[in-house]
Protein chains: 2
Amino acid sequence: MEAEMYENLRLQYKIWFTDEAGDGLLGDGKWKILKAIDQEGSLTAACEKLGITYRRTWNDLKSIEKRLGFALLEKNRGGIDGGSTSLTVEGLRLIKAFDNFHERMDTIMHEQFKLLIKDLTSHGKS
Amino acid sequence: MEAEMYENLRLQYKIWFTDEAGDGLLGDGKWKILKAIDQEGSLTAACEKLGITYRRTWNDLKSIEKRLGFALLEKNRGGIDGGSTSLTVEGLRLIKAFDNFHERMDTIMHEQFKLLIKDLTSHGKS
DNA sequence: AAGCGTTATGTTATATTATTCATATCGTTC
DNA sequence: GAACGATATGAATAATATAACATAACGCTT
């Protein structure tokens, strides 16, 4: 009877790094930005692609680099194309590791979701 | 050399239910509130315990019950003690299932975090 | 019926966050 | 050296979220 109560629910999750103080450092948002920069080759283009503001993104990226203590981005201004931004070796490794991580997590979450729903809908005595 | 770059990072996660539209429905915050109500026997006491405002909490609870489509709380007003709030059977089952879920997830996240750090600090060719 | 403590609800104020606008800087090309 | 397209940055504005304040309703007790 209560089984269908939970049928239209979805399970979502977010994972992010913080520093020791607990302040957010790198999560899904910045992960997507870094990936977009890697693909587009410029901050401006990446922001347009994702539909987010340049100002905000620039602030975020500056903050994370400062707090991480090492560079994720290599920026150039001027030149024939006006300028460019690309990922450093560390930046590339970071998003690659995050990719793998998310892949594993998606599988795990799917399993755990099924377990949770089973827990919610089975009426045996605990 | 880059191994210590990630030493002071912490991994955090959040898990929550949404409806089909993707709007948040039940997460850690409301889970804690429900547990506190179960312990305290009243909304007012639960809010004081958690240091959150009654107004906000009342709104949240009303919203989640409406969108879930069934009651999690049994509320009474008036009476010798002014009133009370307790969990329904469904409410109890929900927080119990969430408890189990979080327990499993804490273990899993700990494992996955170690894997992620390993991924970030090992420099073998991919 | 007056008092008590709790649920219930509208309104107002504050704080936080996000967006917009404006402007400077840089280095290449023509 | 003028123009272009990108990065870099300050300041003002808008939007959203959170908190605070005030007040009503309820039902038991005395």
Side-chain angles (χ1 to χ4, degrees), chain A residues 14 16 18 21-68 71-88 91, chain B residues 14 16 18 21-68 71-88 91:
Chain A
K14 273 195 180 170
W16 71 99
T18 70
D23 293 322
L25 216 160
L26 178 65
D28 287 7
K30 285 162 198 159
W31 175 49
K32 280 183 189 166
I33 292 170
L34 291 173
K35 289 182 78 166
I37 291 173
D38 189 41
Q39 289 165 15
E40 301 292 324
S42 98
L43 221 182
T44 302
C47 290
E48 271 171 20
K49 184 185 182 186
L50 298 180
I52 56 182
T53 63
Y54 180 95
R55 191 68 180 86
R56 167 86 195 275
T57 306
W58 188 90
N59 280 341
D60 284 353
L61 293 174
K62 178 151 193 179
S63 157
I64 139 181
E65 280 195 326
K66 181 182 175 191
R67 293 161 67 200
L68 269 179
L72 300 175
L73 301 169
E74 198 169 322
K75 304 129 161 203
N76 303 297
R77 34 181 201 180
I80 177 167
D81 51 359
S84 65
T85 302
S86 58
L87 295 191
T88 61
Chain B
K14 274 194 181 170
W16 71 99
T18 69
D23 294 322
L25 216 160
L26 178 65
D28 287 7
K30 285 160 197 159
W31 174 50
K32 279 182 189 167
I33 291 170
L34 291 173
K35 290 182 78 165
I37 290 173
D38 189 41
Q39 289 165 15
E40 301 292 324
S42 100
L43 221 183
T44 302
C47 289
E48 273 172 18
K49 183 184 181 185
L50 298 179
I52 55 183
T53 64
Y54 180 95
R55 191 67 179 87
R56 167 86 195 273
T57 306
W58 188 90
N59 280 341
D60 285 351
L61 292 175
K62 178 152 193 177
S63 157
I64 137 181
E65 281 195 326
K66 180 183 175 189
R67 293 161 67 200
L68 268 178
L72 299 174
L73 300 169
E74 198 171 319
K75 304 130 160 203
N76 304 298
R77 34 180 201 180
I80 177 164
D81 54 357
S84 66
T85 302
S86 59
L87 296 191
T88 62

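In the text below, chain A, chain B and the rest are named by the order of the sequence lines, each starting its count at 1.
Residue B:R55 contributes atom CZ, which lies 15 Å from atom P of D:dT23 at whole-angstrom precision. Atom pair B:W58:CH2 and D:dT23:C1' shows a separation of 14 Å (rounding to whole Å applied). Whole-Å rounding puts the A:I37 CD1 to D:dA6 P distance at 14 Å. The nearest whole Å value for the distance from the CD1 atom in B:I52 to the P atom in D:dA20 is 12 Å.
Atom OG1 of A:T88 and atom CG of A:L72 lie 5.5 Å apart (nearest 0.5 Å). Atoms CZ and CG, from A:R67 and A:L26 in turn, are 10.5 Å apart once rounded to the nearest 0.5 Å. Here CD1 of B:I52 is found 10.0 Å from NZ of B:K32. Values are rounded to the nearest 0.5 Å.
Contact annotation for A:N59: no contact, since no heavy-atom pair falls under 4.0 Å across all strands.
For the pair A:I33 and A:L50, the tightest heavy-atom approach, listed with the atom from each and the gap, is CA-CD1, 3.8 Å. The two residues A:G24 and A:W16 come nearest to each other via the heavy atoms CA-CD1, 4.1 Å. Scanning all heavy atoms of the two residues, the minimum distance from B:D28 to B:K14 falls at OD2-CG, 4.4 Å.
Under the side-chain hydrogen bond (donor to acceptor under 3.5 Å, both in side chains) criterion, A:K30 pairs with no residue, sequence neighbours left out. Under the ring-ring contact (aromatic ring centres under 6.0 Å, His included) criterion, A:W31 pairs with A:F98, A:H102, sequence neighbours left out.
Reading DNA chain C from its 5' end, the first and the last nucleotide to sit under 4.0 Å from a heavy atom of chain A are C:dA18 to C:dT29.
For the pair A:T85 and D:dT7, the criterion of a side-chain N or O lying under 4.0 Å from OP1 or OP2 is met.
Within the 4.5 Å cutoff, side-chain heavy atoms of B:L34 are placed close to those of B:L73. Contact annotation: the side chain of B:W58 approaches that of B:L43 to within less than 4.5 Å [non-hydrogen atoms, C-beta and beyond].
Contacts between residues 39-50 of chain B and DNA chain C, defined by a heavy-atom separation below 4.0 Å, involve B:S42, B:L43, B:T44, listed by number.
Residue pairs satisfying the side chain to side chain donor-acceptor pair (under 3.5 Å) criterion with at least one member in residues 72-87 of chain A, sequence neighbours excluded, are listed as follows: A:N76-A:S84.
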What pairs of nitrogen or oxygen atoms, one from the protein and one from nucleotides 26-28 of chain D, lie under 3.5 Å apart?
residue: D:dC26; atom: O2; partner: B:G78; partner atom: N; Å: 3.1
residue: D:dG27; atom: O4'; partner: B:G79; partner atom: N; Å: 3.4
residue: D:dG27; atom: N2; partner: B:G79; partner atom: O; Å: 3.3
residue: D:dG27; atom: N3; partner: B:G79; partner atom: N; Å: 3.4

